[in-house]
Structures are given as structure tokens and as C-alpha cells.
Amino acid sequence: MEAWLDFAKGPLFAFTFGIMIAGLFRLVFLQVYHLLVKKGRRLKDVPWMAMVRESLSWVIPVRHIEPGTKIFSIASFLMHIGVIVVPLFLLDHVVRWERFLGLDLPAVSKGTADILTLLTIACSLLLLAYRTFRARHRTVSGPVDYILLVLVLLPFVSGYLAMHPALNPLPWDVMMLTHILSAEVLFLMIPATKLAHVVLFFFDRISAVHWQLRPGAGDRVAEALYGEEVRI
Amino acid sequence: MDTTTAVPGIETIDSPSRRTLPYHLMKHPGDDLVDRFLEAFGRVLEFTDYKPLLDSYRRSNTKCNRCAVACPVLQASGDPKDIPCYRTNLLLGIYERYFTLDGWLKSRFSNAFELTEEIIFEMGDIFYRCTACRRCTRVCPLGFDHGLITRLGRYVLSLVDIVPKALQVSVQEQLEGETHNTSKVPRAGLLDVLEFLAEEMEEMLGVELEFPTDREDRDYVFFCAVSDYLMEPDTLMGNAAVLYASGDWDRWTIGLCNYDGINYGLFYSDWHLENIIKQLVSEVDRLRGRNILIGECGHASRAAHDFIPTFMGSKAPPVLNFMEYTLDCLRKGKITLDPDVITERVTYHDPCNIARSGWIVEQPREILRSFVPDFVEMTPRGSDNLCCGGGGGLVSVDEIHEFRMDIAGRMKAEQLRQTGAEIVVAPCANCKKQLKELVEYYDIPCRVAGLHDLILQSIVIPGGISPMERKERADLFTI
Ligand code: SF4
Ligand code: SF4
């Protein structure tokens with residue numbers, strides 16, 4: 001078991017983490033490349049300030065809590081806090097980041113991390129319930145949407161149980177291995193699924209850029225489809 | 001509603017699946033529909049810049065469903081197919097399956113998704129149930145622009161001949177017809193209308209004037225929705241009254257070769273959008289005009305304001321909405337509005353095309369507050385407004401009148417009723433038409449007017465009849 005744990009913590013961690021970074025980097029690179037090459041000088045006509053202001057308003061989205069989505073939005077917001085803070089700033093993780101990447105991150109107290117973890121678990125369950133029991137959510141959901149939520153839950157639940165031996169029904173190392181492996185699966189999933197919104201968020205928000213249509217494109221499409229005989 | 005009623009000379013869709021669309025088409029889309037759709041989509045992706053956006057959307061759509069609460073259509077219909085994200089995913093799904101490597105790979109391992117004629121018809125229906133008002137964009141945490149996707153979907157559909165006849169006929173006349181405008185108003189007809197308006201103004205305001213047509217080297221070349229010449233004389237006279245009272249009568253003109261600001265390309269086709277813009281700019285160039293002044297019309301304003309710079313680059317003449325011009329005159333003291341004339345309760349409807357981006361929200365309110373003592377707001381308002389229900393060109397499609405009334409405009413009607421206003425100001429040709437139909441349909445005791453209709457009543461004309469006197473005369477007349 002010891003050997004398995006070491007393997008999961010060491011090479012496997014490095015491998016999956018590397019894949020995630022490379023995958024996300026690829027997505028960002030493709031977006032930036034397309035923007036610079038295809039939009040070029042038209043980028044200057046974009047209302048950048050308004051767009052940045054609007055995007056920043058979503059960092060703490062209090063004014064975006066709409067009637068009809070209140071509970072869902074608050075749950076989703078709290079979950080996101082947990083999902084960002086705990087993996088990065090939990091003391092045990094900070095130590096790992098230091099050793100692995102040489103990063104010196106501040107740590108949150110164990111109590112805070114515990115609360116955040118429980119909140120994240122509760123909120124994810126609530127989101128899962130929404131997806132399962134609300135027809136409107138089901139209409140737009142596919143299998144992946146449910147699986148991913150469970151996948152996000154796994155490292156949190158297993159991590160919490162591993163840290164609280166009194167609640168843990170399994171041996172510590174089994175739980176720890178579950179924790180690490182599920183996190184690593186998640187690493188692999190991030191660039192390949194909708195979780196890619198961690199980076200694509202910024203590119204989704206710039207629809208104003210995409211309203212800058214390419215001059216002459218309409219003509220070229222029409223010509224390619226209909227030849228000389230342009231149809232109206 | 002029987003949507004299959006045959007109108008002489010017009011073919012309605014009759015696919016093998018016997019699916020019908022709620023509006024008439026110009027042409028039968030033909031048999032090889034799926035192949036042609038994919039070819040058209042492919043060409044669009046090849047020559048335009050939509051690909052990165054589609055890529056980003058398809059990979060990151062979290063399907064949180066927040067957008068659902070913002071959509072007035074969905075709120076009224078309750079039909080899951082009206083969920084913004086559902087509709088957007090249809091197009092994204094086709095993109096992923098047929099134009100990306102991983103989508104293709106996925107399709108090798110399962111038989112999950114194949115494009116069928118049925119799906120294309122479904123798109124032909126639901127892409128014209130969305131008014132492209134983009135209200136949902138403001139509540140989407142990722143900022144998904146469903147208006148843009150709706151428009152792209154319609155663009156591809158239009159390339160396989162699926163487009164409401166009303167839109168098609170209009171743009172065809174505008175680009176290829178003799179009159180070069182969507183309402184087929186010939187030049188002689190326009191001149192008649194202008195003469196009539198001048199006479200009316202003379203009688204009403206007590207000043208003699210002649211509308212400046214085809215004058216060169218002017219500061220402003222004026223374009224409105226051409227239908228205004230037929231249907232909104234008060235708005236136009238209000239515009240003219242501001243230009244007259246401010247002393248700018250010698251600084252503007254109406255071109256006689258092209259006088260239509262309407263651009264339905266904004267709603268469904270890049271090709272039309274660009275060519276109509278070019279036509280408009282060439283008229284301004286011909287007259288060596290310095291600015292483009294757009295009358296009360298939301299989509300005409302947005303089309304010109306946002307897309308002239310896109311397509312014309314640095315050669316683009318500046319675009320001004322008439323309300324910006326009027327506010328400027330008011331602030332500079334060039335015009336005076338009498339605050340005692342309009343005594344009714346007035347509210348303001350924000351046209352999506354100018355308000356959603358925050359471009360024109362406060363300007364009309366500042367004007368209204370300066371001369372309307374009983375001004376009330378609707379909630380929500382401004383950039384968060386509710387669409388009138390006729391946006392995205394829907395208002396022109398008569399076949400879906402029932403849908404516009406019962407579903408798309410239902411929340412608006414309710415909102416309007418709650419204000420208790422006697423007049424609703426809607427500075428947009430499309431909104432005006434839809435709202436007029438709505439107040440009638442729902443029997444709301446409220447009159448629909450343009451901002452400049454009210455200005456026409458209240459403006460002080462130097463050397464002319466005073467607004468109060470005009471009001472008394474008009475009252476006499478109505479009794
Ligand atoms: S609000 Fe945005 S992310 Fe959420 S379902 Fe709608 S489009 Fe998707
Ligand atoms: S653009 Fe408007 S009508 Fe269309 S889905 Fe969004 S809110 Fe609904």
C-alpha cells in the first residue's frame with residue numbers, strides 16, 4: 001500500500017498534473033492565437049473596459065443573484081470558493097505545492113478548511129439534486145454533467161474522511177489513495193470536459209469581440225456556395 | 001393555429017416527416033437538406049471567425065441553467081425547448097459532431113447523434129422563437145451570448161433557404177429592388193410624404209419649412225426605419241422640429257437614393273448585414289455627409305453604430321442616434337421643452353438593441369424627466385429590460401403574431417400594465433409595432449408613442465405657435 005501511495009503522490013501526480021497544465025495551455029493558446037490572427041486590428045474596436053468590468057463583477061457575484069436562481073446561485077458560488085481554496089491553500093496541500101513546484105502559498109487554518117470542505121460537499125449535493133429533480137435542468141443535462149459533479153465530490157469527501165479518523169470507515173491509506181487518485185482523475189478531466197471553464201471562462205465572456213465580424217466573409221461564403229450567381 | 005395554410009404562390013414546407021414551420025419561406029428548402037446544411041455550416045466556419053467562439057462555448061458550457069430565468073419567452077411558454085442553453089447546444093452539438101476531431105471520434109464509438117432533417121426543422125422553429133434580445137447573456141456566469149448563436153444558427157439556416165419570407169422579401173427589395181428600401185417606398189412617394197409633413201408642421205407649429213433632400217456637404221445625413229415615413233409621422237415631425245428649433249435646419253439632409261436605416265441582416269445574415277451597411281455608407285459618401293443620424297429605431301441604430309466601423313474600418317463616418325442629438329441640444333440650451341404639456345403618466349420601454357449594451361439608457365430618460373412631470377420606470381429597466389417580444393425581426397413575421405402576443409410579449413404586457421402609465425415611449429420602429437399590437441391584444445389603456453412624438457407636442461418653436469396654444473387647438477379639434 002505504501003508503495004502505491006508513493007506512486008500516486010509522486011510520478012502519477014506529476015504526470016496527471018502535467019497533462020492538465022498542457023491541456024489547459026493548449027486551449028488558451030488556440031484561443032489567443034485565433035483572436036490575434038483572425039481578429040487582428042479589429043480588436044481595437046472592442047469595448048474592452050465594459051467587458052472587463054462586467055467580468056470582474058462575477059468574481060463576487062452578489063448583484064447577479066437573480067430571483068428564481070437564488071438558492072442555486074448561492075450554492076454554486078460557495079462550492080466554487082471551496083473548490084478553489086481547499087486544493088490550493090489547505091496546509092497539507094501547501095506543503096505539497098512547495099515541495100512539488102516550489103510555490104510558497106499561504107495556508108488557511110484547518111478549521112476553515114474543514115468548514116469549506118463540508119460546504120463544498122453540501123453545495124455539490126444540492127447542485128446534483130437540482131440536476132436530478134428539476135425537469136428544466138434535466139433537459140440540458142447529459143450523463144457527463146452528473147458524473148463530473150460526483151467526480152468533484154469524491155476528493156472532497158475522501159479527503160475529509162482521511163483527515164477525520166473517527167468518521168473514516170476505511171483504513172487511512174485506502175482513503176488517502178482514493179483521495180489522491182480521484183483528484184488525479186479530475187486533473188485529467190479538467191481540460192477535456194466542461195471543467196475547462198476554469199480557463200475558457202475568460203474567452204466565453206468576450207462575445208463583444210466576436211460581434212466584430214470579418215469584412216467580406218459573407219461574400220466569400222455566398223460565392224463558395226452559389227458561385228457567381230449570388231442569391232439574396 | 002393551422003400553419004400550413006397555403007398562400008397563393010408561396011410554398012410552405014412539407015418535409016417527408018410532415019414537419020411544418022410556423023412561417024412561410026421563400027423557397028422550398030429541397031431534399032438534400034442535411035448535406036446542404038452541413039456544407040453551408042462548413043463554409044461559414046471556413047470564411048468567418050465564429051470557430052474560436054464555438055470552440056470555447058462547446059467545451060465550457062456548464063449547463064447551470066441560470067439563463068432560463070432571464071428569458072421572457074421561456075418564462076411565458078414553459079417549454080423546455082425555449083431554454084436558451086438548449087437551443088445553443090443544438091448548434092454547438094452539430095458543430096462538435098461534424099467539425100471537430102473529438103466529436104468525430106466520439107461518433108465512431110457510439111451512434112448518439114446524427115443530424116437529421118427533423119433537427120434542422122426544429123432549429124428553423126426555435127431559432128425564430130428567440131428574439132435575440134440577449135437578456136440571458138447578462139445572467140449567464142460565463143457570459144454566453146445566445147443572441148449571437150441564434151443569429152449564427154439563422155444565418156446557416158438562411159443559406160439553405162430557411163428564412164421567414166417577410167425578412168427575405170424586405171432585404172431583397174432593399175438590395176436589388178428599384179426603391180432600395182424595405183417598404184418599397186419610391187422616391188416620388190417619399191417626396192410626397194415629406195411635402196405632407198411640411199404642410200402639417202406649418203399648420204401645427206406655424207412655421208414654413210421645406211425638408212432638405214439630397215443636399216451635399218451636410219453635417220448629418222438622416223436615416224430612419226423607412227416604415228416610419230408611412231406609419232410614424234409624429235416621430236418624424238418631432239425629429240424635424242428639434243432640428244428646426246435648434247437652428248440646425250441647414251446642417252442636415254435626407255438622401256434620395258437610399259433613405260432606409262433598416263438592416264435585417266443584423267438578425268440573420270452576415271452577407272446582408274454587410275451589404276446593406278455598404279449601401280448606406282455609399283449614400284453618405286455620395287452626399288459627402290459628415291455624420292450619420294439615425295432616427296428612432298433600435299436595430300437600425302445598432303446596425304449602423306456597431307457595424308459601420310466593423311466593415312468600413314477607418315473610413316467609417318460617425319453614427320449618432322437621434323436621442324443623443326436631441327439630448328445634446330437640450331443640454332446646450334438649443335431647444336426648450338414645455339413641461340406643462342404632457343400631463344399623462346409616461347413610462348419608457350428600452351429597446352434591446354440600444355439598451356442591452358448600455359449605450360442608450362439614460363439619455364432618453366434625461367430628456368423625458370426634463371419635460372414630463374409624471375414619469376415612471378418599469379422594472380426591470382435599462383440593460384436588464386424585458387424585450388417587447390418582437391425583437392430579432394420577429395415583429396415583421398405576421399404568421400407568428402399569436403406567438404408574439406401570447407408568449408414572447410406576455411411578460412412585457414404585464415410589466416406595462418403594472419406601471420399604470422397612459423403613454424409608453426418606445427423609441428424603435430419594431431418595438432412600437434409590437435407594443436401597439438400588445439396593448440390592443442391585452443386591452444391595456446396605454447398609448448404607444450415615440451420619444452419625439454412627445455417632444456413634438458412640447459417643443460418651443462422660435463417664432464411659431466406656443467406648445468400650450470397648440471395643445472388647446474388640438475383639444476378643440478378632438479372634441
Ligand atoms: S447560464 Fe450560461 S452556462 Fe448556465 S446554462 Fe445558460 S448558457 Fe450555460
Ligand atoms: S436572447 Fe432573449 S429571447 Fe433569446 S434566449 Fe436569450 S433571453 Fe430568451
Side-chain angles (χ1 to χ4, degrees), chain A residues 27 30-31 34-35 38-39 41-42 45 47 50-51 54-55 58 61 64 66-69 72-73 76 127 130-131 134-137 139-142 145 192-197 199-201 203-222 224-225 230 232, chain B residues 36 39-40 43-44 46-53 55-57 59-66 68-70 74 80-81 83 85-86 89 102 137-145 147-148 155 159 168 171-172 175-176 265 269-275 306-307 309-313 357-358:
Chain A
L27 292 179
L30 284 177
Q31 286 290 324
H34 273 119
L35 283 177
K38 294 210 161 159
K39 293 288 176 187
R41 62 173 181 75
R42 272 169 295 143
D45 294 328
M51 235 155 53
E54 181 65 22
S55 305
W58 284 93
H64 294 293
E66 299 285 320
T69 65
F72 182 91
S73 302
S76 161
L127 297 188
Y130 264 96
R131 228 177 247 296
R134 283 267 176 108
R136 202 171 269 179
H137 285 258
T139 308
V140 291
S141 307
D145 300 301
T193 63
K194 67 175 184 178
L195 299 181
H197 71 269
V199 293
L200 290 178
F201 166 84
F203 299 97
D204 287 338
R205 293 215 67 88
I206 55 170
S207 62
V209 173
H210 293 276
W211 278 104
Q212 302 283 323
L213 306 179
R214 192 195 299 182
D219 277 337
R220 258 166 265 144
V221 171
L225 289 175
V230 172
I232 294 187
Chain B
R36 288 198 303 128
E39 193 198 346
R43 291 301 189 183
V44 168
E46 183 181 344
F47 293 113
T48 63
D49 300 338
Y50 292 112
K51 218 168 161 33
L53 185 74
D55 263 325
S56 186
Y57 278 7
R59 285 174 185 281
S60 59
N61 190 352
T62 61
K63 302 180 194 159
C64 69
N65 227 325
R66 272 178 55 103
V69 297
L74 173 67
K81 297 206 160 161
I83 297 175
C85 181
Y86 172 83
N89 277 341
D102 47 318
T137 298
R138 291 183 57 82
V139 304
C140 172
L142 300 177
F144 269 39
D145 197 327
L148 183 67
Y155 181 29
L159 294 170
Q168 185 87 338
V171 293
Q172 192 160 21
L175 285 172
E176 287 187 331
S269 157
D270 289 10
W271 188 84
H272 293 94
L273 179 63
E274 181 170 356
N275 283 289
D306 288 10
F307 292 97
T310 305
F311 292 128
M312 310 311 283
S357 63

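Order of the sequence lines fixes the chain letters, A, B, ..., with proteins taken first and strands second; residue numbering starts at 1 for each chain.
Taking the side chain as every heavy atom from C-beta outward, A:Leu35 and A:His210 approach each other to under 4.5 Å. The closest side-chain heavy-atom distance from B:Val44 to B:Tyr155 is below 4.5 Å.
The choice from A:Ala135, A:Ser55, A:Ala50, A:Ser73 that makes the most heavy-atom pairs within less than 4.5 Å of chain B is A:Ser73. Contact tally against chain B (heavy-atom pairs below 4.5 Å) for A:Leu213, A:Ile206, A:Thr139: the top residue is A:Leu213. Between chain B and the options A:Gly142, A:Gly216, A:Ala208, A:Ala192, heavy-atom pairs under 4.5 Å are most frequent for A:Gly216. Of all the listed residues (B:Asp102, B:Leu74, B:Asp55), the one sharing the greatest number of non-hydrogen pairs under 4.5 Å with chain A is B:Leu74. Comparing B:Pro80, B:Ala68, B:Pro141, B:Gly143 by how many heavy-atom pairs each has under 4.5 Å with chain A, the most go to B:Pro141. No other option in B:Leu53, B:Asn61, B:Val139 has as many heavy-atom pairs under 4.5 Å with chain A as B:Leu53. Looking only at heavy-atom pairs under 4.5 Å with chain B, the residue among A:His197, A:Lys194, A:Arg220, A:His64 that has the most is A:Lys194. Among B:Leu273, B:Thr48, B:Leu148, the residue making the largest number of heavy-atom pairs under 4.5 Å with chain A is B:Leu148. Taking chain A as the reference chain and counting heavy-atom pairs below 4.5 Å, the highest number among B:Lys51, B:Glu46, B:Met312, B:Arg138 is found for B:Arg138. Between chain A and the residues B:Ser56, B:Gly313, B:Gly265, the most heavy-atom pairs under 4.5 angstrom are made by B:Ser56.
In this structure, the portion of B:Asn275 lying under 4.5 Å from any heavy atom of chain A is its side chain and not its backbone. For chain B, the nearby part of A:Trp58 is the side chain; its heavy atoms alone come within less than 4.5 Å. For A:Pro67, the part sitting under 4.5 Å from any heavy atom of chain B is the backbone (N, CA, C, O) and nothing else. Heavy-atom distances place the side chain of A:Asp145, and not its backbone, under 4.5 Å from chain B. Contact annotation for B:Ile83: only side-chain heavy atoms (C-beta onward) come within less than 4.5 Å of a heavy atom of chain A. Heavy-atom distances place the side chain of B:Glu274, and not its backbone, under 4.5 Å from chain A. In this structure, chain B has a heavy atom under 4.5 Å from the side chain of A:Leu27, while its backbone stays farther away. Looking at A:Ser76, there are no atoms closer than 4.5 Å to chain B (heavy atoms on both sides), in backbone or side chain. Contact annotation for B:Cys140: only backbone heavy atoms (N, CA, C, O) come within less than 4.5 Å of a heavy atom of chain A. In this structure, chain B has a heavy atom under 4.5 Å from the side chain of A:Phe72, while its backbone stays farther away. Proximity to chain A involves both the backbone and the side chain of B:Asp49, based on heavy atoms less than 4.5 angstrom apart. Of the two parts of A:Gln212, the backbone and the side chain both hold a non-hydrogen atom closer than 4.5 Å to a non-hydrogen atom of chain B. Only the side chain of A:Arg131 comes within contact range of chain B, judged by heavy atoms closer than 4.5 Å. Residue A:Leu30: no heavy atom, backbone or side chain, is found under 4.5 Å from chain B.
Between the B:Asn89 side chain and the B:Cys85 main chain, a donor and an acceptor come within less than 3.5 Å of each other. Although no hydrogens or angles enter the test, the distance criterion places a donor-acceptor pair under 3.5 Å between the side chain of B:Tyr57 and the main chain of B:Asp145. In this structure a side-chain-to-backbone donor-acceptor pair under 3.5 Å is missing from B:Lys63 to A:Ser141. Using modelled atom types, one side-chain atom of A:Gln31 and one backbone atom of B:Pro52 make a donor-acceptor pair closer than 3.5 Å. B:Thr137 contributes a side-chain N or O that, together with a main-chain N or O of B:Phe144, makes up a donor-acceptor pair within less than 3.5 Å.
Atoms OG and CZ, from B:Ser60 and A:Arg205 in turn, are 11.5 Å apart once rounded to the nearest 0.5 Å.
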Criterion side-chain contact (heavy atoms from CB on, under 4.5 Å) on A:Met51 and A:Val209, from CA distance to verdict: CA-CA 10 Å; A:Met51 235 155 53; A:Val209 173; 3.9 Å; yes
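Residues A:Glu66 and B:Val69 come closest through the heavy atom pair CB-CG2, 4.2 Å. Considering all non-hydrogen atoms of both residues, A:Ala217 and B:Phe47 come closest at CB-O, 3.3 Å.
A salt bridge does not link A:Arg214 to B:Asp270: none of the charged nitrogens lies less than 4.0 Å from a carboxylate oxygen.
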